[in-house]
Amino acid sequence: MTTTTEPMSLAAIDAAQRPRRFGALYVAEHQIRQMRAYAWTIVVAGVGSPLVYLVGIGLGLATYLDQQVSDGPAGSVSYVWFVAPALLATAAVSVATEEFTYTVMAGFKWRRIFLGMNASPVSPEQICSGVVLAVLARMVFTTLAYYLIILAFGAVGHPWAGFLMPLVGMLAGTAFGLPLLAYSASITEDKGQFAVVQRFVFTPLFLFSGTFYPLATLPVWLQWIGWISPLWHASEVGRTLSYGSSGSGWPTWAHLAVLVAMSAAGWLMARRTFVGRLRG
Amino acid sequence: MSPVSTPVISAAGLTKKFGDLAAVDGIDFDVPPGEAFGLLGPNGAGKSTTMRMIGAVSTRTGGDLTVLGLDPDGYGPEIRSQLGVVPQEDNLDTELRVRDNLIVYGRYFGIDRRTCARRADELLEFAQLEDKARSKVDDLSGGMKRRLTIARALINEPRILMLDEPTTGLDPQARHVLWDRLFRLKERGTTLVLTTHYMDEAEQLCDRLVVVDHGRIMAEGSPASLIREHSSREVVELRFGSDRNADAAARLEGTADRVEVLPDRVLLYTADGEALLERVAHLGLRPTTSLVRRSSLEDVFLRLTGRSLIE
């Protein structure tokens, strides 16, 4: 780097200090402001969806089950206890499927607001980080609301340990969402890819990740879906937090390691894609 | 060295290649502070690519470039903190209201909310959008959106305002309102860098311009000096009908300094248009329409490249 005494250069160096440091927060601030436009949807989905699932499963499905679904250290576990941590993780993942797809497409293409940010002092990496921060903020709300509701339904074994469940759920959200963000950021033309992700990635994961029954129930040749699914790993950790044991045989750290590794890989790819797209 | 003359932008041998294609092919120019500098050329000439390199969002593949004395390669955020950018396609946030667009954008420069709000009100007045502050962006007309984009680009009180095709797609009245606003900025001493393929825009706004074609600079100077240097004082435009233009042009050879045949008309370059029209009548040629006008940058471009600016 060269040293300069030119006043206009020094003024520029001074003016860029705050954006260099806080750029990602400015982007997040903007994204969160935008969420206000659909704040109502966020609240209704965040509170309504756990209510619907818990009432439907707790009062309906669970009453038909004779077979016990899982064991905790204190004996048999009720079906709602088993399902609740998985539903919470699913809520975080579904926020990710919404926000890391259409919002990203809007930023690069439909409304091009990322291009506007790009002309300002913030960097492509900061734009990527800011988008993620805003989504994390929405996930905090969604997972916390979910947790309080399952708590109210008495669907948690250890309420205090269970307070870590939202964090684990968010980790599932990033493990699924950040690779998806990298993919979305690489799309230049919308040909319905997001509907495909929804139907052929998210939905199968939801159904085959040991969400509604232990993964071991499935034939071995289908169990791999669970092993690569952030939902399964987060559900298992959530179950351990709630009633002390998940029964999968995997240690908790291994579940967490998978989630962290997927998040980190997605994060690196997403940043790289943003740079490639915004710097030509 | 006097500080006034230090250029705010300096390019030497500036090159941008995409694979084998050189979009910008070794161009040189300096822009002193306070100047309105234009890049005039047809679509695809390399104007926008040059703007992106100056704007520190695209890295050069060759040559030297400094903006405000800094190299964009290492000082991107620093340079961008001093620029206002008006892109070719608006990228306003349509989810936010008009005034909020300005405030949110100001935050990217690290400006506190209170200052952003104060400047937003001043800029809405400047852009003649005070009564639209609470409107949705989508409810604005094309000209209003452009003015809002310009207001947004001014939120950080930039040293250099960069405008890429600022009036493309606007109706004549909206263009004039916009030119008036840009003229005011010029009077206040803001450095303007703009690209355009409209010669009237370049003539109206630019103190100095470069004519760009195929990534190279064909000529440089003030609009008046370019016209003086590369064209005659007046131009006679004759239309004989598309199938007879070429024949008529052949007979007119020698009557003017230069004869150009376009698909729809024949152009005769001369110092005195009226006198030439009389000579045309003496030759017994009967054009369906005839017109005498002053030379423009369009003629300069035609002379330099053999092509029209707008095709």
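Letters go in sequence order (proteins before strands), and every chain restarts at 1.
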Worksheet item: Under the salt bridge (Lys or Arg N to Asp or Glu O under 4.0 Å) criterion, do A/Arg36 and B/Glu95 qualify, and how do the steps go?
Response: CA-CA 9 Å; A/Arg36 283 190 203 160; B/Glu95 302 269 297; over 6 Å; no

Discussion item. Heavy-atom count check: over 12 atoms from other residues, nucleotides or ligands less than 6.0 Å from B/Glu122 CD?
Written reply: yes

Worksheet item: With a cut-off of 6.0 Å (strictly less than), are more than 12 heavy atoms of other residues, nucleotides or ligands near CZ of B/Arg216?
Response: no

Worksheet, complete the sentence: Counting heavy-atom pairs under 4.5 Å with chain A, the top scorer among B/Met162, B/Arg52, B/Glu89 is B/Glu89

Practice prompt. Say whether, by atom type as modelled, one donor and one acceptor occur between the side chain of A/Arg112 and the main chain of B/Asp90 under 3.5 angstrom.
Written response: yes

Fill in: A/Arg20 side chain near B/Pro77 side chain, heavy-atom distance below 4.5 Å
yes

Worksheet item: In terms of heavy-atom proximity below 4.5 Å to chain A, should B/Val57 be classed as side chain, backbone, both, or neither?
Response: both

Worksheet item: With respect to chain A, which residue among B/Val85, B/Asp93, B/Asp71 yields the maximal number of heavy-atom pairs within a distance under 4.5 Å?
Response: B/Asp93

Practice prompt. Go through the atoms of B/Asn156 and report whether side chain, backbone, both or neither lie under 4.5 Å from a heavy atom of chain A.
Written response: neither

Worksheet item: Is the closest side-chain heavy-atom distance between A/Glu6 and B/Thr66 below 4.5 Å?
Response: no

Discussion item. Looking at every heavy atom in both B/Leu92 and A/Ile113, which two are closest together, and how far apart are they?
Written reply: O-CG2, 4.0 Å

Fill in: Engaged part of B/Ile111 at the chain A interface, taking heavy atoms whose separation is under 4.5 Å
neither

Fill in: Nearest non-hydrogen partners of A/Ile13 and B/Glu78, listed with the distance
CA-CG, 3.5 Å

Discussion item. I'd like to know whether A/Arg18 forms a side-chain contact (heavy atoms from CB on, under 4.5 Å) with B/Asp112, so could you lay out the CA-CA distance, the side-chain angles of the two residues, the decisive distance to 0.1 Å, and finally the verdict.
Written reply: CA-CA 10 Å; A/Arg18 288 179 65 83; B/Asp112 64 84; over 6 Å; no

Worksheet item: B/Arg107 versus chain A, heavy atoms under 4.5 Å apart: side chain, backbone, both or neither?
Response: both

Worksheet item: If we only count heavy atoms from C-beta on, is the A/Leu115 to B/Asn91 side-chain gap below 4.5 Å?
Response: yes

Worksheet item: Do any N or O atoms from the side chain of B/Arg80 and from the backbone of A/Ser120 form a donor-acceptor pair under 3.5 angstrom?
Response: yes

Practice prompt. Determine the minimum heavy-atom distance between A/Gly116 and B/Arg152, stating which atoms define it.
Written response: CA-NH2, 4.2 Å

Worksheet item: What pair of heavy atoms forms the shortest contact from B/Arg159 to A/Ala11, and how long is it?
Response: NH2-CB, 4.2 Å

Item to complete: Answer yes or no: is there a side-chain heavy-atom contact under 4.5 Å between A/Met8 and B/Gln82?
Response: no

Response to the item:
Okay, B/Leu96 and chain A: the region with an atom under 4.5 Å from a heavy atom over there is side chain

Discussion item. Does B/Val104 form a side-chain contact (heavy atoms from CB on, under 4.5 Å) with A/Arg33? I'd like the steps, not just the answer.
Written reply: CA-CA 9 Å; B/Val104 161; A/Arg33 249 181 204 261; 3.3 Å; yes

Worksheet item: Could you give the distance from OG (A/Ser9) to CG (B/Leu68), rounded to the nearest 0.5 Å?
Response: 6.5 Å

Worksheet entry | Region of A/Leu278 in contact with chain B, defined by heavy-atom distances below 4.5 Å | backbone

Discussion item. Please classify the contact of A/Glu29 with chain B as side chain, backbone, both or neither, using a heavy-atom distance under 4.5 Å.
Written reply: side chain

Worksheet item: B/Tyr108 vs A/Tyr26 aromatic rings, parallel, tilted or perpendicular, using cut-offs 30° and 60°?
Response: perpendicular

Practice prompt. Tell me, out of A/Pro124, A/Ala16, A/Ala12, A/Ala106, who's got the most heavy-atom pairs with chain B below 4.5 Å.
Written response: A/Ala12

Worksheet, complete the sentence: Scanning both residues in full, the closest heavy-atom pair of B/Ser81 with A/Pro121 reads CA-CG, 3.5 Å

Worksheet item: Side chain, backbone, both or neither: which part of B/Arg113 has a heavy atom under 4.5 Å from chain A?
Response: side chain

Practice prompt. Decide if atom CZ of A/Arg272 counts as having more than 12 heavy atoms of other residues, nucleotides or ligands within a radius under 6.0 Å.
Written response: no

Worksheet, complete the sentence: Whatever's closer than 4.5 Å to a heavy atom in chain A on B/Val8 counts as both

Fill in: Portion of B/Ala153 that has a non-hydrogen atom of chain A nearer than 4.5 angstrom
neither

